[in-house]
Amino acid sequence: AAAAAMKIAAAEAGEAAEASMMERDLAVGMPPMEIGAGVDAEMRYALDVEMNNGRWAMLGFALAVFLEASTGNGIMGQLIGYAKALGVLGPDSGF
């Protein structure tokens, strides 16, 4: 009986964690990820980490496109400009 109660409590905790992930995804306009019942906590964590990494990568790419459009410089031009502004590249660097 105690083992059954522990399984029920663990299942309810897993459902609550899945519900909070789905609520967070919906809050930021992302469709919820359908995760089957056979996925353990470690896999859920890995999926969550990968979703967050993908979101940050998309944000970084959008920012790079915006900066290139606003400055007219590609990535190398931007890096050279930042290096000059920070004093990493001096007047003798050839840039």
Side-chain angles (χ1 to χ4, degrees):
M6 290 179 67
K7 284 184 180 180
I8 291 171
E12 288 174 354
E15 289 172 4
E18 184 175 336
S20 68
M21 276 197 301
M22 288 174 53
E23 289 170 0
R24 184 186 66 217
D25 287 344
L26 289 172
V28 296
M30 299 293 293
M33 210 170 45
E34 295 297 326
I35 300 176
V39 178
D40 62 350
E42 186 175 335
M43 185 60 144
R44 285 183 197 276
Y45 174 76
L47 289 170
D48 193 39
V49 167
E50 288 301 318
M51 283 292 273
N52 287 332
N53 286 343
R55 290 172 179 159
W56 280 110
M58 289 185 282
L59 181 67
F61 181 76
L63 184 61
V65 169
F66 173 77
L67 285 174
E68 184 171 347
S70 64
T71 63
N73 291 332
I75 186 68
M76 289 305 295
Q78 291 178 35
L79 290 174
I80 291 170
Y82 296 141
K84 283 182 180 180
L86 293 173
V88 175
L89 292 177
D92 295 333
S93 65
F95 291 105

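Any value given below was found using the heavy atoms of this structure, including those in side chains, with hydrogens, waters and symmetry copies removed.
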* Can you find a heavy atom in the side chain of Asp48 that is under 4.5 Å from one in the side chain of Asn52? -> yes
* Structure fact -> In this structure, CD of Glu42 is separated from CG of Leu47 (nearest 0.5 Å) by 11.0 Å
* Can you name the residues that form a side chain to side chain contact (heavy atoms under 4.5 Å, CB included) with Val65, not counting sequence neighbours? -> Phe61
* Asked: Under a single-linkage definition using a 4.5 Å side-chain heavy-atom cutoff for Ile, Leu, Val, Met, Phe, Trp and Tyr, are Val88 and Met76 assigned to the same hydrophobic cluster?
  -> no
* By side chain to side chain contact (heavy atoms under 4.5 Å, CB included), which residues pair with Leu89, not counting sequence neighbours? -> Ile80, Ala83, Lys84, Ser93, Phe95
* Specify the closest pair of heavy atoms between Asn73 and Gln78, including all atoms of both residues, with the distance to one decimal. => O-NE2, 3.1 Å
* Asked: Taking it one step at a time, do Ile75 and Leu79 satisfy side chain to side chain contact (heavy atoms under 4.5 Å, CB included)?
  -> CA-CA 6 Å; Ile75 186 68; Leu79 290 174; 4.2 Å; yes
